[in-house]
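So you know, we letter chains A, B, ... as the sequences are listed, proteins then strands, and number each from 1.
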There are 2 protein chains.
Amino acid sequence: MNGADRLCEELLANDIDVCFANPGTSEMHFVAALDRKPRMRCVLGLFEGVVTAAADGYARMADKPAATLLHLGPGLANGLANLHNAKRASTPMINVVGDHATYHLRHDAPLTSDIESLARPMSQWVHRIERAEDVGRDTAAAYEAAMSLPGVATLILPADAAWGEIPETPVARTMLPPRTPVDEDAMRQSVEAIRSGRRTALLLTGKALRADALETAARIADATGVRLIAQMSNGRIERGAGRVPIGTVPYPVDIALDALKDIDCLIMIGAQLPVAFFAYPGKPGRLVPDQCEVIQLATRASDLKEVLSRLSFELGVKRDAPVTVSQPCTDWETLLDGDLTEDAISVAVAQFMPEGAIICNESLTSARRFFGLSHRSAPHDFLSLTGGAIGIGIPLAVGAAVACPDRKVIGLQADGSGMYTVQALWTQARENLDVVTIVFANRKYAILQGEMRAVGATEFGRNAQRMLNIDDPALDWVSMAKGMGVEAARATTVREFVDLLKSAMAQRGPFLIEAVI
Amino acid sequence: MNGADRLCEELLANDIDVCFANPGTSEMHFVAALDRKPRMRCVLGLFEGVVTAAADGYARMADKPAATLLHLGPGLANGLANLHNAKRASTPMINVVGDHATYHLRHDAPLTSDIESLARPMSQWVHRIERAEDVGRDTAAAYEAAMSLPGVATLILPADAAWGEIPETPVARTMLPPRTPVDEDAMRQSVEAIRSGRRTALLLTGKALRADALETAARIADATGVRLIAQMSNGRIERGAGRVPIGTVPYPVDIALDALKDIDCLIMIGAQLPVAFFAYPGKPGRLVPDQCEVIQLATRASDLKEVLSRLSFELGVKRDAPVTVSQPCTDWETLLDGDLTEDAISVAVAQFMPEGAIICNESLTSARRFFGLSHRSAPHDFLSLTGGAIGIGIPLAVGAAVACPDRKVIGLQADGSGMYTVQALWTQARENLDVVTIVFANRKYAILQGEMRAVGATEFGRNAQRMLNIDDPALDWVSMAKGMGVEAARATTVREFVDLLKSAMAQRGPFLIEAVI
């Protein structure tokens, strides 16, 4: 066997059986090895940004990593923006980045680059395999890093480490170290803060936002009066009717400051201190008051459900106390005919999405009402853009659909960001994934037009218009989708949209609705 | 005025009046400043890989840099693969990468990343502006670096340096330092080698491949018997009928070794030592024989035309000696009806392209006959993929067309690499650029299938097929192009193709031909 075979076996031994890939010449031995392992499902992306976002979406839903296969520095570079998002979501992932054979690097061949320098900013862990004999050990270390940190582990595989022959040895599942233990000091401080009567909030993210963890948190809140807030952007929230509702830290800085102004003590459970997404002249970066005490009760390396249970126990909260959950909405706003608006789309999707839907949200301005409305929708998962690097939506849906073939995936997709990784539609078609992509076709970078006004520019000249509008020519999403093998249709009225949405919900397979607003 | 205004003025003072852009919130003050400068032409790309490749194509044809405007680390990351190509072409370029306000970085907001670490592998020069007062000096330094190295200069512009108010001061053109002087030792060695009677070759790239420099080189060759070879990939070659023909170092390693095996001394004029594109087990990396003497007569920092003139003078070559140039072809292969083949496309384009055409070649396997045929075509420029990072072709054509609005730009585009930056079609439509894109729709990564066979895999299993074929579903380029506002048509026979090509050559504006082969 060669190093590449060993890499595949190590992945499979750890139940990593999906590889999102876009290979190149230096990875041919790895491709050949994958070809000898039919248990591994190889999913091609026509661009590496598709590959990395799909691996992110997959892991968020499967709770285990996918592998990626990327070609040298430029292939990795193409995937970096979505690795940035995955890193911010602490998504476990194993990137396998091929490199030239070790001895070839000194020639500075045209595709040579400093892969480590590129990988580090967007990975929690980076390692270069030295030789074929190390592939097993190093792949196990990558798996451990991806699962324990948790996060993006980037493993650089030189071609000679892939093709080098090594003895065949049995491969066992990698034993993971115990999770980070509870920080007893932070636990004591948290209990004291909650009991002190000061206005205290729990800031949650990661697996603390799964349905059962949220119930534990809600029992704490009901018993003690503590507030629950989710981080601004989260990899995944389990929500909808029958589940505990939770709001997120708002994006607009003034609204966020107002929302957090009454907090005396913030207890962070996996989350980071809330800060402004961008700096604005004269406005603070830290969103909680200066005098607010901040306790980091747990990081993402901890078992956040366990931490919440322990906190509940320390506070003497009853484990079986009833919790207040969202009630299904039975009086949805009646949708009438007329021009389509972004809010009408939000209402319709919230109303008609099926139980178990997975929402991939990359519609930052247009779907802003959706989050508030949908806590009374059928139970669903909500996946966000976690790192602010646009171009995640369409491929994130690919990964979620590969992980959960029996659930409907719905992409709420802005048009500007959708164009970043539009190639992912082809993978939806090839894999026949059950994804409905709803494009909010407002034909502009709406969020930037808002930001432009915020810097005092109320009238846009030619240059600003040429950079902030994408209406000339208008993108024809129906044609683009068909060009990549995805059925599509356009809606310009509420009635058309609702009809298309209902029919898309009733059928299986990829579909795209261009909602012209 | 603020720092962003100053940056614009500094660019304009140095005659940089095109900015390829995809802005974000942290660049809003820069966008506002550009909006106050109508002399600056802002060209939007719907993805940053479009932006950087367009800037590359522009500078190759305009012989001056364009600016780019990129949003933070992820925006830069999306542009890196094509910056890699630009760096390998030594293309002068000024990337302006916005960053958070300096004082905001400590908050580690979601879009924060290590921009320097990302920029360095794909830039010849990287600098972070500290404050608004430094913008003028630092932009001048970026311009000097881009022009003198020459290459990719990446300038990081924190939001507070952009919005900070500074006194208005007059801005003058930046004085560039003198070019690197001729290396007298290397010149002496070169003259001796050529006179020694040993089999000597000049390896050329950069501006040594412009028509006049090639004539100087050809006079040296005619007078001394020295061989002329161009580097494997070059930013731009002026060629065609009436110009000096020159071959390039072949890509397949065995053919390259054979082509270079008889060289005793290689004199490199701007070029790098020829090496194998990839390592293959048991094959050498260096393509010239071990005993071959190598003289670096000039690097890309030198005036290569001047170096050739000086070499000619030292060798006593007559300055007005006639040179052998390519003769126009008058007996083109007769194209008959029948199924379309890649060679038929090459013949047709070589035959029917107009004088002054600019060929952007990203069809690595399919157009392999084109280069050999077209040295007898009408005089034209030939632009290559210089760094091996696929996804350059469609946006490279955007930049070339912006630089040369009166010339026909023809893209020879593989389908696999075309999908990487397919969004560039939209910019072709928006700017109404005179670009004809010819897609070689073979529906596979043909180059990888060849490499796969080279590693001994003659039969492809399911996983290999799923990673190396892109025929399921077939990409419909006509629909995709129309979706982005570009007229398009499909050809499946030679006759259809020739008719479409001739009509595309006769009209102006963007057009795409999907050539199904």
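- Interface remark: B:A429 contributes backbone and side-chain atoms alike to the contact with chain A (heavy atom separation under 4.5 Å).
- Only the backbone of B:T386 comes within contact range of chain A, judged by heavy atoms closer than 4.5 Å.
- Contacts between B:K37 and chain A at a heavy-atom distance below 4.5 Å involve the backbone alone (N, CA, C, O).
- With a threshold of 4.5 angstrom between heavy atoms, B:L76 does not approach chain A through any atom at all.
- If you measure heavy-atom distances from B:A454 to chain A, you find no contacts under 4.5 Å at all.
- Among the candidates A:A474, A:A279, A:G388, A:A81, the residue making the largest number of heavy-atom pairs closer than 4.5 Å to chain B is A:A279.
- Most heavy-atom pairs under 4.5 Å with chain A: of the set B:F277, B:F460, B:Y103, this distinction falls to B:F277.
- Scanning all heavy atoms of the two residues, the minimum distance from B:L70 to B:E48 falls at CD2-CG, 3.6 Å.
- Proximity to chain B is absent for every atom of A:A159, based on heavy atoms less than 4.5 angstrom apart.
- Only the side chain of B:Q272 comes within contact range of chain A, with at least one heavy atom under 4.5 Å from a heavy atom of that chain.
- Side chains of A:S26 and A:H71: a donor on one and an acceptor on the other come within 3.5 Å.
- Heavy atoms of B:M40 lying under 4.5 Å from chain A belong to its backbone as well as its side chain.
- In this structure, A:R88 contributes its side chain and B:P110 its backbone to a donor-acceptor pair below 3.5 Å.
- For a residue to count as touching a neighbouring chain, one of its non-hydrogen atoms must lie under 4.5 Å from one of that chain's; by this rule A:L72 touches chain B with the side chain only.
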request  = Please step through side chain to side chain contact (heavy atoms under 4.5 Å, CB included) for the pair B:E431 and B:R41, ending with a clear verdict.
outcome  = CA-CA 11 Å; B:E431 303 288 331; B:R41 179 175 178 185; 2.9 Å; yes
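- Among the candidates A:R106, A:M480, A:M467, the residue making the largest number of heavy-atom pairs closer than 4.5 Å to chain B is A:M467.
- Residue contact with chain A, scored on non-hydrogen atoms closer than 4.5 Å, involves the backbone and the side chain of B:R286 alike.
- For the residue pair A:S384 and A:N234, no side-chain donor N or O sits within less than 3.5 Å of a side-chain acceptor on the partner.
- Interface residue B:E459: only backbone heavy atoms are found under 4.5 Å from chain A.
- A:D476 has a carboxylate O that lies under 4.0 Å from a charged side-chain N of A:R490, or vice versa, which qualifies the two as a salt bridge.
- Scanning for ring pair (Phe, Tyr, Trp, His ring centres under 6.0 Å) contacts around A:F47 gives B:F47, B:Y420, with sequence neighbours left out.
- For B:H107, the parts lying under 4.5 angstrom from a heavy atom of chain A are both the backbone and the side chain.
- Comparing A:P23, A:G456, A:A101, A:A481 by heavy-atom pairs within less than 4.5 Å of chain B, the highest count is held by A:P23.
- Looking at B:Y280, the atoms closer than 4.5 Å to chain A (heavy atoms on both sides) sit in the backbone and in the side chain alike.
- A heavy-atom distance below 4.5 Å is found between the side chains of B:E27 and B:L69.
- What you find for A:R466 and B:C42 is that their closest heavy atoms are CB-O, 4.1 Å.
- Contact count against chain B (heavy-atom pairs under 4.5 Å) is highest for A:A77 among A:A77, A:A457, A:G485.
- For B:I447, no part lies under 4.5 angstrom from a heavy atom of chain A.
- Of the listed residues A:Q465, A:M232, A:K482, A:M122, the one with more heavy-atom pairs under 4.5 angstrom with chain B than any other is A:M122.
- Interface summary for chain B: among A:L468, A:V43, A:L80, A:L448, the most heavy-atom pairs under 4.5 angstrom belong to A:L448.
- In this structure, A:W477 and A:M419 have side chains that are in contact, with non-hydrogen atoms separated by less than 4.5 Å.
- Ranked by non-hydrogen atom pairs under 4.5 Å with chain A, the options B:N85, B:V478, B:N469 are led by B:N469.
- Side-chain atoms of B:N463 come within 3.5 Å of backbone atoms of A:L34 as a donor-acceptor pair (strictly under, hydrogens ignored).
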message = Let's go through B:L111 and A:F278 carefully: what are the C-alpha distance in whole Å and the side-chain angles of both, what is the deciding distance for side chain to side chain contact (heavy atoms under 4.5 Å, CB included) to 0.1 Å, and is it a yes or a no?
response = CA-CA 8 Å; B:L111 268 167; A:F278 293 104; 3.6 Å; yes
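- For the residue pair A:S479 and B:S479, no side-chain donor N or O sits within less than 3.5 Å of a side-chain acceptor on the partner.
- Between chain A and the options B:D160, B:L273, B:L475, heavy-atom pairs under 4.5 Å are most frequent for B:L475.
- For chain A, the option among B:P74, B:G483, B:G45 with the highest count of heavy-atom pairs below 4.5 Å is B:G483.
- Using a 4.5 Å cut-off between heavy atoms, A:A276 touches chain B through backbone and side chain atoms alike.
- Counting heavy-atom pairs closer than 4.5 Å to chain A, the top-ranked of the candidates B:V50, B:I390, B:T421, B:T112 is B:T112.
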Side chain to side chain contact (heavy atoms under 4.5 Å, CB included) between B:D108 and A:V275, intermediate numbers included = CA-CA 8 Å; B:D108 191 30; A:V275 296; over 6 Å; no
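- Contacts of A:D415 with chain B are absent, with no heavy-atom separation under 4.5 Å from either backbone or side chain.
- Only the side chain of B:N22 comes within less than 4.5 Å of a heavy atom in chain A; its backbone stays farther off.
- Looking at B:D114 and B:L118, their side chains never come closer than 4.5 Å, going by heavy atoms from C-beta outward.
- The shortest non-hydrogen separation linking A:H104 to A:A109 is NE2-CB, 3.7 Å.
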